[in-house]
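Working notes, beginning with the structure itself.
Letters A, B, ... mirror the listed sequences (proteins, then strands); counts begin at 1.
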Number of protein chains: 2
Amino acid sequence: MAPRGRPRDTQVDERVLRIAAALIFERGYAGLSIDEVAEQAGVAKTTLYRRWSTKDHLAVAVVARLQADDEITDTGDIRADLVDYMEKIAAGLNRMRAAGGREGPSAGAVGELVAAAARHEDIGRLTREQYATRNTIALALIERARVRGELRADLDAEALFDQLAGALYYRVMITGAPIDRAYAERLVSSALEGSLTCH
Amino acid sequence: MAPRGRPRDTQVDERVLRIAAALIFERGYAGLSIDEVAEQAGVAKTTLYRRWSTKDHLAVAVVARLQADDEITDTGDIRADLVDYMEKIAAGLNRMRAAGGREGPSAGAVGELVAAAARHEDIGRLTREQYATRNTIALALIERARVRGELRADLDAEALFDQLAGALYYRVMITGAPIDRAYAERLVSSALEGSLTCH
DNA sequence: CCAATTACGAAACTGGAGTTGCGTAATTGC
DNA sequence: GCAATTACGCAACTCCAGTTTCGTAATTGG
């Protein structure tokens with residue numbers, strides 16, 4: 001069952017990812033040099049490129065490990081559950097943002113990841129799939145709340161989730177503002193309660 | 001009042017931006033080569049770098065000209081006005097997205113711009129200022145609707161706008177889904193009407 | 001043991017961003 | 001006219017991502 005030729009040295013992957021992560025956090029995305037990673041890891045550059053076809057692919061692999069597998073909690077209180085979920089997404093974003101290298105308001109590595117997804121078909125597909133999974137879970141949460149009568153029957157769940165998640169990304173990438181629990185609560189309140197005076 | 005030394009050739013700016021725009025739309029951000037732009041424009045590379053300190057700066061200058069100055073209309077119907085405004089933002093995003101070079105779902109040049117803002121302090125500051133201006137205008141629109149009683153008195157205008165604008169960016173950059181008038185309407189409806197059943 | 005296959009290392013190479021140094025051109029202030 | 005100042009072109013240069021070539025090592029199947 002083992003593949004035909006010489007097997008890959010599995011220790012390389014772990015070592016490289018650790019070194020690359022250290023470089024990204026220390027000097028930012030631009031400060032990540034393939035040559036330097038290869039040298040510090042004690043492997044040839046070709047060995048790196050066999051595993052990650054571009055610097056973008058390597059960086060994405062590094063950052064992907066930062067994302068905790070956001071477990072979603074369904075307590076029956078949709079407001080609390082959504083705030084919780086938003087906070088988890090925000091934590092992931094803030095972690096990636098810290099990998100920017102630059103201080104001050106800046107998207108950090110988040111922007112580079114979006115650019116990487118735009119540059120490489122496969123990275124784009126991969127991240128879209130991850131987000132689709134997340135979407136599905138969140139939409140199910142919303143749907144359950146709708147079914148049990150907590151939310152409007154004619155709810156547009158997709159729009160609701162886009163609003164919530166989108167606002168987080170918008171803040172991190174465009175306005176550069178920090179996101180914390182207080183903001184997550186404001187966001188969920190605004191989205192749930194709406195803006196019209198028809199109450 | 002004229003500056004001291006030899007004046008810059010003002011024709012260069014226009015010519016370079018036109019050529020760079022053509023290259024970006026034809027081959028995408030990665031296909032934009034400084035050497036090629038310089039050659040086609042008939043100027044030296046140093047002349048380019050005197051005006052735009054990096055390729056990112058040049059590209060941002062190119063794309064900045066794509067953005068129409070979104071004039072905001074205040075008809076007194078906040079729902080219609082917001083849909084209108086969202087559609088204008090969406091049009092700008094779709095235009096930039098077209099500058100990606102790649103076909104299929106992809107952020108196109110939008111992702112590169114976000115990355116550029118993250119990479120260069122000055123670009124980040126500049127774009128944040130532009131967005132701040134836009135924010136101010138939109139917040140004023142919302143505020144007027146609130147004052148005349150169309151919107152809730154205890155409205156969180158900032159959160160509302162983040163939700164709307166954020167969802168657009170989220171769709172373009174992350175999910176890669178297209179945005180049209182129908183989506184803008186869904187978005188505004190969802191945000192205005194809220195999701196709770198307490199109506 | 002042997003052929004096929006895949007991984008690895010080393011080194012040279014290509015291409016593009018950005019820099020540097022230098023000679024020359026255009027302008028202002030005097 | 002003359003000095004100071006800024007723009008321009010040209011060419012060589014550095015740096016880094018990514019590629020190519022080639023010799024060698026480890027593994028499977030027979």
To the nearest 0.5 Å, tell me how far [X] [atom1] sits from [Y] [atom2].
X: B:E39; Y: B:S33; atom1: CD; atom2: OG; answer: 9.0 Å
X: A:D56; Y: A:L113; atom1: CG; atom2: CG; answer: 8.5 Å
X: B:R144; Y: B:I78; atom1: CZ; atom2: CD1; answer: 8.5 Å

Starting from [atom2] on [N], measure out to [atom1] on [X] and report it in whole angstrom.
X: B:R119; N: C:dA17; atom1: CZ; atom2: P; answer: 12 Å
X: B:I34; N: D:dT14; atom1: CD1; atom2: C1'; answer: 17 Å
X: B:H57; N: C:dT19; atom1: NE2; atom2: P; answer: 11 Å
X: B:K55; N: C:dA17; atom1: NZ; atom2: P; answer: 5 Å
X: A:D35; N: C:dC13; atom1: CG; atom2: P; answer: 16 Å
X: B:L23; N: C:dA17; atom1: CG; atom2: P; answer: 11 Å

Problem set entry | Residue-phosphate contact under 4.0 Å: A:T54 side-chain N/O, D:dA17 OP1/OP2 | no
Exercise. D:dG18 phosphate, OP1 or OP2: any side-chain N/O from A:S53 under 4.0 angstrom?
Worked result: no
Exercise. Nearest to the side chain of B:R8 - C:dA7, D:dA7, C:dG9?
Worked result: D:dA7
Exercise. So B:Y170 and A:Y169, would you call those rings parallel, tilted or perpendicular, with 30° and 60° as cut-offs?
Worked result: tilted
Exercise. Hey, any chance A:L126 and B:V172 share a hydrophobic cluster, counting ILVMFWY side chains that come within less than 4.5 Å of each other, even indirectly?
Worked result: no
Seminar exercise, completed: So, with a heavy-atom separation below 4.0 Å from DNA chain C, the residues of residues 44-52 of chain A are A:A44, A:T46, A:T47, A:R50, A:R51
Exercise. What does B:G42 touch in the nucleic acid at a heavy-atom separation under 4.0 angstrom: a base, only the sugar-phosphate, or nothing?
Worked result: sugar-phosphate
Problem set entry | side-chain contact (heavy atoms from CB on, under 4.5 Å) between A:R8 and A:R51, worked out | CA-CA 10 Å; A:R8 287 198 184 168; A:R51 289 166 169 77; 3.7 Å; yes
Problem set entry | Contact letters for nucleotides 25-30 of chain D, in which S counts primed atoms plus P, OP1 and OP2 and B counts the base, heavy atoms under 4.0 Å | BBBBS-
Exercise. Are side-chain N/O atoms of B:S190 and A:Q163 paired as donor and acceptor at under 3.5 Å?
Worked result: yes
Exercise. Do A:R171 and A:Y183 meet the cation-pi criteria used here (NZ or CZ under 6.0 Å from the six-membered ring centre, within 45° of the axis)?
Worked result: yes
Without placing hydrogens or testing angles, list every side-chain donor-acceptor pair under 3.5 Å for residues 81-89 of chain B, not counting sequence neighbours.
from  : atom 1 : to     : atom 2 : distance (Å)
B:D81 : OD1    : B:T75  : N      : 3.3
B:D81 : OD1    : B:T75  : OG1    : 2.9
B:D81 : OD2    : B:T75  : N      : 2.9
B:E87 : OE1    : B:R181 : NH1    : 2.2
B:K88 : NZ     : B:E71  : O      : 2.5

